[in-house]
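Below is one structure, written out as structure tokens; the observations come after it.
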Protein chains: 2
Amino acid sequence: MAETANGVVSGGFSAKPATLRDVAALAGVSVATVSKALNGREHVRAETRVKVQQAAEKLNFLPNVLAQGLLSGRTGTVGLLTSDLVGRFSLPVMMGAEDAFGAGSTSVFLCDARGDGIREQHHLHALLSRRVDGLIIVGDTTNPRESLGQHLPVPVVYAYAPSLDERDMSVVSDNVGAGRQAVEHMVRSGRSRIAYIAGDKEFLAARDRAEGAVQALHQFGLPLMGDEVMYGAWTESWGRSSVRALIDKCPDIDAVICGSDQIARGVLDALRESGRTVPDEVAVMGHDNWELLATQARPPLSTIDMNLELVGRKAAQLLFAAIEGTAEPGIHSISTRLLARDSTARG
Amino acid sequence: MAETANGVVSGGFSAKPATLRDVAALAGVSVATVSKALNGREHVRAETRVKVQQAAEKLNFLPNVLAQGLLSGRTGTVGLLTSDLVGRFSLPVMMGAEDAFGAGSTSVFLCDARGDGIREQHHLHALLSRRVDGLIIVGDTTNPRESLGQHLPVPVVYAYAPSLDERDMSVVSDNVGAGRQAVEHMVRSGRSRIAYIAGDKEFLAARDRAEGAVQALHQFGLPLMGDEVMYGAWTESWGRSSVRALIDKCPDIDAVICGSDQIARGVLDALRESGRTVPDEVAVMGHDNWELLATQARPPLSTIDMNLELVGRKAAQLLFAAIEGTAEPGIHSISTRLLARDSTARG
DNA sequence: CTGAAAGCGCTTACAG
DNA sequence: CTGAAAGCGCTTACAG
């Protein structure tokens, strides 16, 4: 690595970052004084403080957080380990966590395990050996997952997918409540002949959302049209084929609740093509508030937002409390939020 | 923080992680010997090595990479700073970078600046003070962006959105080439009356892709149907409205190339609703290979994959070389890859 | 083959 | 108000 006269390496970046010692030398004081001056400790003459600050500025000094961490035992870093390849769930969770930690001291770093156990172990290892203060594990489905165990050197919060071990802390989206919200909204919009098209039955999220809807229908004394929840896949094509079967069987439905926005998009398309108008004849709801899909639907799709930022926020709060020594084990559930767009406007 | 007899803190996680000293004490040797034994250095008796390894295992010892970094000046960490809220571009880039660095030594940590300059500075600061060995900056559009400057203490690679400063290293997707690929594919599939529906003209990506297509049409001696590139928005609704205008004006088109998969979805829908069959009468192409949209389209959408993993790979390689002292400034372009699905099958 | 010592960049009592 | 010294967890010459 050729070093030029002014200390710039051939890569175009400046050589070794300045240290406290460099600042001390330039300011003509001791390292200890620089540390105190820069950290706002008392017992430093105002004049000295200014001199030090100027020197630090001039050298572009950034304290080495790693060295600080060696002393304090904290690194101000939290690892977010995800398996969510498209980032649809983990990025909002990460944002919420960042917000909760505040722009201040704690940074959240994301690693992607791509749903691969080996990779998860590798990232876990990398994160722990970099001494993160805590971990947030974000699943790619809401299915409960294996615990990482109780013997990690830092606290762990599971988000979106809860841990199977109830001694762990988990934060999940309230899918049952979401199903209930959807039905309540349909009823408020004057619907009473409601069907439910769910996603893949293998997914707890699919079953929970449907279950909430069925519960609410029951409370309202309303029938579930088609007699049962229709389970299939999280795809538009499942939405299309299932709703065609549905209107064959029950031509008089006036509302369809879907397990996801993708399914709802398929439902909307198939309804339009079979000559039913939405929302006049049939109201349709999705789940996820995947803006890209929901706002561009015809008509724009009413849906349920999982408040993933709040999931992230809560995860961060739990983690922070645990780092401070107060863990709150168990599953913490975050309420969803209904977003009414045109697809469920009063008929 | 109440500590129990077995050294477990009330948070449910084990107390302070074991240090080299703990291992040394347990193994009955010196700290230096432990270090050598664990790092595979020579001059350690096999017997001693085993003893040390067992002690380390027993204590769940993980070396503190931060302390190691203090010595070596390297942390084995690279920061990936993005502004891509949905992660659509940055996650594939991150995966590519991880692959290039290898499962081995270097970890990639992602931070999201949410397109906010203040937040970007904050994350930059956090990353640098944690002494990352390098930075990858991923833009949310292909529009060139401000350089972070030449005075950072570590090398920087800009990915997806290039830096405006040619002294920087940038890796971009070849959008002009993508436009050309699309036309060549259409021609190979027997089309000759080709129109182009682009995204938002404010975006360089929109203009580049269109330009490549126009160039290729010219080379083939073919006209651009509708006489000019139709610029609009990156939405399905723009796809729908634009293609309706297009077939009014030019009823005899046999192919439409779109600036994105979203636009192409709108085009497909509007064509179907106006009674044109795809691909028999009109072929349609998208751009992005956004699986969710492309595979669920009717018919499945031919599109262009930007090979973002390769973008990430290249960025990592450039960064690695720069860390070693060999920077290759300038813009490095990654070729796209055409994915033929049914929407462009030979008519 | 093994260990005492110095030092990476920083902070924190403790003297002066 | 200022600075010398010890120490965080580790590695690396250098003695033994």
Side-chain angles (χ1 to χ4, degrees), chain A residues 14-53 55-56 59-77 105 128-133 153-154, chain B residues 14-53 55-56 59-77 105 128-133 153-154:
Chain A
S14 328
K16 297 210 112 206
T19 74
L20 224 46
R21 192 156 55 182
D22 301 327
V23 179
L26 182 60
V29 296
S30 77
V31 165
T33 299
V34 174
S35 172
K36 283 175 247 174
L38 257 26
N39 290 308
R41 293 279 175 291
E42 48 191 359
H43 305 308
V44 179
R45 221 179 352 150
E47 197 182 322
T48 310
R49 194 183 296 275
V50 170
K51 200 170 53 180
V52 169
Q53 282 165 339
L59 293 176
N60 244 308
F61 174 75
L62 263 187
N64 185 332
V65 173
L66 278 38
Q68 293 176 327
L70 213 48
L71 281 295
S72 69
R74 295 263 179 102
T75 56
T77 308
S105 40
L128 289 177
S129 59
R130 282 169 181 81
R131 294 297 187 265
V132 292
D133 297 329
V154 296
Chain B
S14 328
K16 296 211 115 208
T19 74
L20 223 47
R21 193 156 54 180
D22 301 328
V23 179
L26 182 61
V29 295
S30 76
V31 166
T33 300
V34 174
S35 173
K36 282 176 248 174
L38 257 26
N39 290 308
R41 293 279 176 294
E42 48 191 358
H43 305 308
V44 179
R45 218 170 5 141
E47 197 182 321
T48 310
R49 193 184 298 275
V50 171
K51 200 169 54 179
V52 169
Q53 282 166 338
L59 293 175
N60 244 308
F61 174 74
L62 263 188
N64 185 332
V65 173
L66 278 38
Q68 294 176 326
L70 213 48
L71 280 296
S72 69
R74 294 262 181 102
T75 56
T77 308
S105 40
L128 290 178
S129 59
R130 281 169 181 79
R131 295 295 186 267
V132 292
D133 297 329
V154 294

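The shown structure was predicted, so the numbers you read here are calculated from the model rather than taken from an experiment. Letters A, B, ... are given to chains in the order of the sequence lines, protein chains preceding strands, and every chain is numbered from 1.
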Residue-phosphate contact under 4.0 Å: [X] side-chain N/O, [N] OP1/OP2:
{"X": "A:Gln68", "N": "C:dT11", "answer": "yes"}
{"X": "B:Arg131", "N": "C:dG9", "answer": "no"}
{"X": "B:Asn64", "N": "D:dC8", "answer": "no"}
{"X": "B:Arg41", "N": "D:dT12", "answer": "yes"}
{"X": "B:Arg45", "N": "C:dT2", "answer": "yes"}
{"X": "A:Ser35", "N": "C:dT11", "answer": "yes"}
{"X": "A:Arg49", "N": "D:dC1", "answer": "no"}

**Request:** Could you check which nucleotide pairs with D:dA4 in any of the strands shown, counting Watson-Crick or G-U wobble with both distances under 3.5 Å?
**Result:**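 Looking at the geometry, D:dA4 pairs with no nucleotide.
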For the side chain of [X], counting heavy atoms from C-beta on, which of [options] is nearest?
{"X": "A:Lys36", "options": "D:dG9, D:dT12, D:dT2", "value": "D:dT2"}
{"X": "A:Thr33", "options": "C:dG3, C:dC10, D:dT2", "value": "D:dT2"}
{"X": "B:Leu20", "options": "D:dC8, D:dC10, C:dC1", "value": "D:dC10"}
{"X": "A:Arg21", "options": "D:dT11, C:dT2, C:dC8", "value": "C:dC8"}

**Message:** Using the rule side-chain contact (heavy atoms from CB on, under 4.5 Å), only one of B:Val52, B:Leu20, B:Leu26, B:Val34 pairs with B:Phe61; which is it?
**Reply:** B:Leu20
**Asked** Reckon A:Thr48 touches a base, only the sugar-phosphate, or nothing at all at heavy-atom distances under 4.0 Å?
**Response**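 Sugar-phosphate only.
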**Prompt:** Checking all strands, does A:Val29 fall into the base, sugar-phosphate, or nothing category for heavy-atom contacts under 4.0 angstrom?
**Reply:** sugar-phosphate
**Item:** Distance-only side-chain donor-acceptor flag, B:Arg130 / A:Thr77, under 3.5 Å
**Value:**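 Yes, A:Thr77 and B:Arg130 have a side-chain donor paired with an acceptor closer than 3.5 Å.
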**Item:** Position toward the 5' end of DNA chain D (nearest nucleotide), A:Val31 or A:Ala67
**Value:**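 Its nearest nucleotide lies further toward 5', so the answer is A:Val31.
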**Prompt:** To the nearest angstrom, how far is B:Asn39 atom CG from D:dG9 atom P?
**Reply:** 17 Å
**Nearest-Å distance for atom pair NZ/C1', residues B:Lys16 and D:dG9** =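 The answer, rounded to whole Å, is 10 Å.
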